[in-house]
Amino acid sequence: MAAILEIPEVRQRLSRLSVAEYHQLGEYNQNGRRTELIRGLVIEKMSKSPPHSTLGSRLYKMISAHVSEEYLVRKEEPLTLSDSEPEPDISVIHGSENDFKSAHPSKAELVIEVAVSSATLDRENAFLYAEAGVKEYWIVLGSKRQVEVYRSPQDGRFQEKQIIGPDAILECASLPSVRIPLADLFA
């Protein structure tokens with residue numbers, strides 16, 4: 001089935017949804033699986049392996065301990081963008097919970113995805129986050145014990161990309177108080 005999506009004529013005939021239409025679908029698809037909207041396409045979310053869950057939980061705790069009260073750290077919660085509504089593993093948003101009682105946030109200081117098996121979709125989503133003006137985007141590569149860091153969004157692309165190794169301290173440029181010793185994260 002996936003090979004059919006490689007055919008340009010088929011891709012052109014896909015029926016895309018707007019964010020508003022996606023909101024009308026409900027939280028689960030007809031198979032009872034959680035989904036997210038990426039570029040107008042409804043995509044089933046992958047199940048989380050124990051290493052994925054462990055890295056996500058550690059990151060959430062580490063980041064939450066270092067951000068001030070003017071920021072909200074969210075775990076697996078939606079961001080509403082122009083044609084997408086991803087649910088990143090972690091996002092750090094300026095504001096409080098009360099600011100988002102009637103609508104999901106549309107921008108973030110930092111977005112993090114944990115990639116244990118494949119980072120292909122996460123790398124593609126870098127464009128999505130850059131277009132939305134996300135200041136910094138991290139892809140945590142669990143099996144490689146590395147983090148891909150994307151910074152400086154401009155014209156729908158991140159201008160900087162670097163790979164941080166397992167013994168480094170990962171510093172967030174958009175939130176200077178966030179410093180993550182990767183040895184602790186990958187312990």
Side-chain angles (χ1 to χ4, degrees), residues 11 16-20 22-23 35-43 45-46 52 55-56 58-60 62-97 99-100 103-116 118-142 144-165 168-182 185:
R11 281 197 314 271
R16 298 185 187 276
L17 297 177
S18 69
V19 172
Y22 178 69
H23 286 169
T35 62
E36 60 187 346
L37 184 70
I38 305 295
R39 299 287 190 208
L41 300 173
V42 178
I43 298 175
K45 294 181 65 69
M46 292 181 64
H52 184 285
L55 287 170
R58 283 182 184 168
L59 274 167
Y60 179 81
M62 291 173 162
I63 291 171
S64 294
H66 290 97
V67 297
S68 67
E69 290 183 10
E70 64 188 274
Y71 295 98
L72 180 62
V73 181
R74 295 166 46 105
K75 189 173 186 214
E76 300 172 6
E77 298 293 334
L79 289 173
T80 300
L81 310 178
S82 63
D83 64 352
S84 302
E85 195 165 272
E87 295 183 11
D89 291 312
I90 296 174
S91 57
V92 181
I93 313 297
H94 188 268
S96 69
E97 286 181 353
D99 295 330
F100 306 108
H104 297 303
S106 60
K107 54 187 173 181
E109 302 295 312
L110 172 64
V111 168
I112 304 170
E113 291 286 3
V114 175
V116 173
S118 173
T120 304
L121 180 58
D122 297 321
R123 287 185 181 114
E124 187 62 30
N125 283 347
F127 297 104
L128 184 81
Y129 293 129
E131 289 170 9
V134 169
K135 293 181 181 174
E136 195 159 332
Y137 176 46
W138 298 352
I139 302 174
V140 177
L141 304 169
K144 293 183 178 182
R145 299 172 50 91
Q146 297 176 332
V147 178
E148 289 182 13
V149 176
Y150 298 82
R151 294 183 176 129
S152 304
Q154 183 180 346
D155 299 325
R157 297 180 101 72
F158 285 103
Q159 303 303 305
E160 294 178 38
K161 177 190 172 188
Q162 61 184 141
I163 298 176
I164 309 297
I169 294 180
L170 179 56
E171 299 181 50
C172 183
S174 61
L175 298 162
S177 63
V178 174
R179 300 180 79 237
I180 308 292
L182 293 185
L185 175 63

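Counting only distance, with no hydrogens or angles, the side chain of Gln154 and the backbone of Gln159 share no donor-acceptor pair below 3.5 Å. At least one donor-acceptor pair under 3.5 Å links the side chain of Glu136 to the backbone N or O of Ala173. At least one donor-acceptor pair closer than 3.5 Å links the side chain of Arg58 to the backbone N or O of Leu185. Using a distance-only test at 3.5 Å, with no hydrogens or angles considered, no donor-acceptor pair links the side chain of Tyr22 to the main chain of Ser84.
Separation of atoms CD (Glu77) and CZ (Phe100) is listed at 11.5 Å; rounding is to 0.5 Å. Atom CG in Asn125 sits 4.5 Å away from atom CD1 in Ile38 (nearest 0.5 Å). Expressed to the nearest 0.5 Å, how far CZ of Arg151 lies from NZ of Lys161 amounts to 13.5 Å. Distance check, rounded to the nearest 0.5 Å: CG of Leu55 to CZ of Arg145 gives 9.5 Å. Distance CG/Leu141 to CD1/Ile163: 7.5 Å, rounded to 0.5 Å. Atom CD1 of Ile180 is separated from atom CH2 of Trp138 by 5.5 Å, given to the nearest 0.5 angstrom.
Tyr137 meets the ring-ring contact (aromatic ring centres under 6.0 Å, His included) test with Tyr129, Tyr150; sequence neighbours excluded. Under the side chain to side chain donor-acceptor pair (under 3.5 Å) criterion, Asp89 pairs with His52, not counting sequence neighbours.
Minimum heavy-atom separation, Leu81 to Ser106: CD2-O, 3.5 Å. Of all the heavy atoms in Thr35 and Glu87, the pair that sits closest is O-OE2, 3.8 Å. Nearest heavy atom pair, residue Tyr71 against residue Glu109, reads CE2-CG, 3.6 Å. Across every non-hydrogen atom of Val114 and Asp122, the tightest pair is O-OD2, 4.2 Å. The minimum heavy-atom distance linking His66 with Arg179 is given by the pair CE1-O, 4.4 Å. Pairing each heavy atom of Val19 with each of Ser82, the nearest pair is CG2-O, 3.8 Å.
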(request) Before giving the answer on salt bridge (Lys or Arg N to Asp or Glu O under 4.0 Å), spell out for Glu76 and Lys45 the whole-Å C-alpha distance, their side-chain angles and the decisive distance to 0.1 Å. (result) CA-CA 11 Å; Glu76 300 172 6; Lys45 294 181 65 69; over 6 Å; no
(request) Evaluate side-chain contact (heavy atoms from CB on, under 4.5 Å) for Asp99 paired with Leu72, printing each intermediate quantity in order. (result) CA-CA 10 Å; Asp99 295 330; Leu72 180 62; over 6 Å; no
(request) Given side-chain contact (heavy atoms from CB on, under 4.5 Å), test Ile63 with Leu175 step by step and report yes or no. (result) CA-CA 10 Å; Ile63 291 171; Leu175 298 162; 5.8 Å; no
(message) If you apply the rule side-chain contact (heavy atoms from CB on, under 4.5 Å), what do you find for Val73 with Lys75, and how did you get there?
(response) CA-CA 7 Å; Val73 181; Lys75 189 173 186 214; over 6 Å; no
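Under 3.5 Å, the side chains of Glu160 and Ser152 contain a donor-acceptor pair of N or O atoms.
For the pair Ile93 and Leu79, the minimum side-chain heavy-atom distance is below 4.5 Å. Residues Glu70 and His94 are in side-chain contact: their nearest non-hydrogen atoms beyond the backbone lie under 4.5 Å apart.
Of the charged side-chain nitrogens involved, none lies within less than 4.0 Å of a carboxylate oxygen, so that Glu124 and Arg39 do not count as a salt-bridged pair.
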